[in-house]
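What follows is a set of notes on a single structure, which appears directly below.
Worth knowing before you read on, the calculation uses all heavy atoms, side chains too, and leaves out hydrogens, waters and symmetry mates.
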2 protein chains.
Amino acid sequence: MFSKACEYGIKATIYIASNSHEGKRVSLKGISKHIDSPEAFTAKILQILARENVVNSIRGINGGFEIEESQLEKIQLADIVKAIDGDAIYKGCGIGLKECNEIHPCPIHNDFKIVRNELRNLLETTNLKSLAMDVNSGASFLKV
Amino acid sequence: MFSKACEYGIKATIYIASNSHEGKRVSLKGISKHIDSPEAFTAKILQILARENVVNSIRGINGGFEIEESQLEKIQLADIVKAIDGDAIYKGCGIGLKECNEIHPCPIHNDFKIVRNELRNLLETTNLKSLAMDVNSGASFLKV
DNA sequence: ACTAAATAGGATAAATTTATCCGAATAAAT
DNA sequence: ATTTATTCGGATAAATTTATCCTATTTAGT
Ligand code: FES
Ligand code: FES
């Protein structure tokens with residue numbers, strides 16, 4: 001469904017968000033430890049997310065990653081997925097026709113479109129704040 | 001979403017089905033031409049599908065691939081996907097936790113589960129015959 | 001028996017994704 | 001200024017997926 005990079009990106013961002021929500025900045029080391037991901041690879045992904053303004057990166061001592069409190073409700077899962085995996089999962093044909101086209105549909109188009117749109121809806125309406133709060137309250141988990 | 005191999009597998013199987021439904025056996029060459037896929041790679045995928053009894057392969061002159069008419073309604077998209085990509089897409093956690101677990105859920109579990117189950121339902125209830133008939137009637141397409 | 005046409009399957013190559021390594025840049029603290 | 005902790009970014013390596021090539025096997029027809 002999502003690439004490994006995207007999975008790490010989602011988990012990392014939620015972890016950053018759950019700390020930012022409590023006023024804490026987190027380091028790459030802390031992130032990859034808490035989401036159980038390879039450190040150097042996670043660094044690459046965070047670079048992408050920083051460039052795309054999903055997270056803020058701060059260099060130097062006491063540096064790390066954070067997200068402004070005011071942004072937590074504005075950033076959606078879709079922003080992360082789009083930055084890393086692109087938009088094929090929203091727009092692409094389920095069996096790889098060059099484009100998903102209503103008047104030249106593939107055999108699964110009609111049913112697939114519905115599922116894809118629901119996935120899209122999920123990603124576009126789920127914001128970081130709610131995900132972070134669930135993690136903070138112990139209602140959901142980022143590893144194991 | 002699906003691997004390239006799986007996309008080719010689905011298209012190839014539907015193409016075989018649409019011909020079998022009209023009593024015609026098709027060759028690898030014809031298949032990869034009509035679904036626009038690399039021939040040798042498609043051969044590998046058809047080998048898998050033949051081993052898993054999704055399609056019948058016939059060797060030698062006038063050989064090729066076919067599916068018994070009586071099977072067309074029994075084979076579901078899920079059978080193809082399972083044979084090629086496995087069942088992670090049905091059962092796996094959306095962000096890669098070791099298992100999708102109701103009492104140790106990831107942050108997107110509740111929403112993702114619904115989408116995943118609908119995808120599962122789509123794949124498990126769509127049979128080859130209906131897909132083949134849509135292709136034969138010109139209602140849907142396998143390439144471009 | 002021989003030939004021709006087809007799939008099976010092993011070996012290999014190319015491309016992409018995933019992962020690691022290391023020096024450069026940055027910033028705080030001393 | 002120097003040291004230290006941190007991210008950035010380029011180079012590279014490992015693993016996986018995608019793709020190709022070639023020989024073996026099978027089958028029908030002659
Ligand atoms: S054309 Fe395939 S999903 Fe729309
Ligand atoms: S635990 Fe992640 S989808 Fe169920």
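- If you take CZ of Phe41(B) and C1' of dA11(C), they are 16 Å apart, rounded to a whole angstrom.
- In this structure, CZ of Arg25(A) is placed 11 Å from P of dA27(C), rounded to the nearest angstrom.
- Dashed line: the shortest gap from a side-chain N or O of Tyr8(A) to OP1 or OP2 of dA19(C) is under 4.0 Å.
- The CG atom of Leu49(A) sits 11 Å away from the P atom of dC8(D) (whole-angstrom rounding).
- At a threshold of 4.0 angstrom between heavy atoms, the contacts of Lys29(B) with the nucleic acid are absent.
- One can place CG of Asn56(A) at 16 Å from C1' of dT6(D), the figure rounded to the nearest angstrom.
- Nearest to the side chain of Arg51(A), among dA19(D), dG9(D), dT7(C), sits dG9(D).
- Remark: P of dA8(C) and CD of Glu52(B) are 14 Å apart, rounded to the nearest angstrom.
- Here dC8(D) is the nucleotide among dA19(C), dT20(C), dC8(D) with the atom lying nearest to any side-chain atom of Ser57(A).
- Closest approach to the Pro38(B) side chain among dA19(D), dA25(C), dA28(D) is made by dA19(D) (side chain taken as heavy atoms from C-beta onward).
- Of the listed nucleotides (dT26(D), dA11(C), dT4(D)), dT4(D) has the atom at the smallest distance from the side chain of Ile61(A).
- Taking atom CG of residue Leu46(B) and atom P of nucleotide dA19(D), one finds them 14 Å apart after rounding to whole Å.
- Residue-level contact check: Ala5(B) touches the backbone only, with heavy atoms under 4.0 Å from sugar-phosphate atoms and none from bases.
- For the residue pair Ser37(B)/Thr42(B), the side-chain donor-acceptor check at 3.5 Å is satisfied.
- Side-chain contact between Asn56(B) and Ile67(B) is absent, with no heavy-atom pair separated by less than 4.5 Å.
- For the pair Ile48(A) CD1 and dC8(D) C1', the computed distance is 13 Å after rounding to whole Å.
- Contacts classified as salt bridge (Lys or Arg N to Asp or Glu O under 4.0 Å) and involving residues 25-35 of chain A (residues at least two apart or in different chains) are given here: Arg25(A)-Glu66(A).
- Across all strands shown, Ile58(A) has heavy atoms under 4.0 Å from sugar-phosphate atoms exclusively, and none from any base.
- In this structure, Cys6(B) and Ile10(B) have side chains that are in contact, with non-hydrogen atoms separated by less than 4.5 Å.
- For the pair Lys91(A) and Glu99(A), the salt-bridge criterion is not met [side-chain N within less than 4.0 Å of a carboxylate O].
- Counting only heavy atoms from C-beta on, Ser27(B) has its side chain closest to dA6(C) among dA6(C), dG10(D), dA29(C).
- Distance NZ (Lys44(B)) to C1' (dT23(D)): 11 Å, rounded to an integer number of Å.
- Between the base of dT25(D) and the side chain of Arg59(B) there is a donor-acceptor pair shorter than 3.5 Å.
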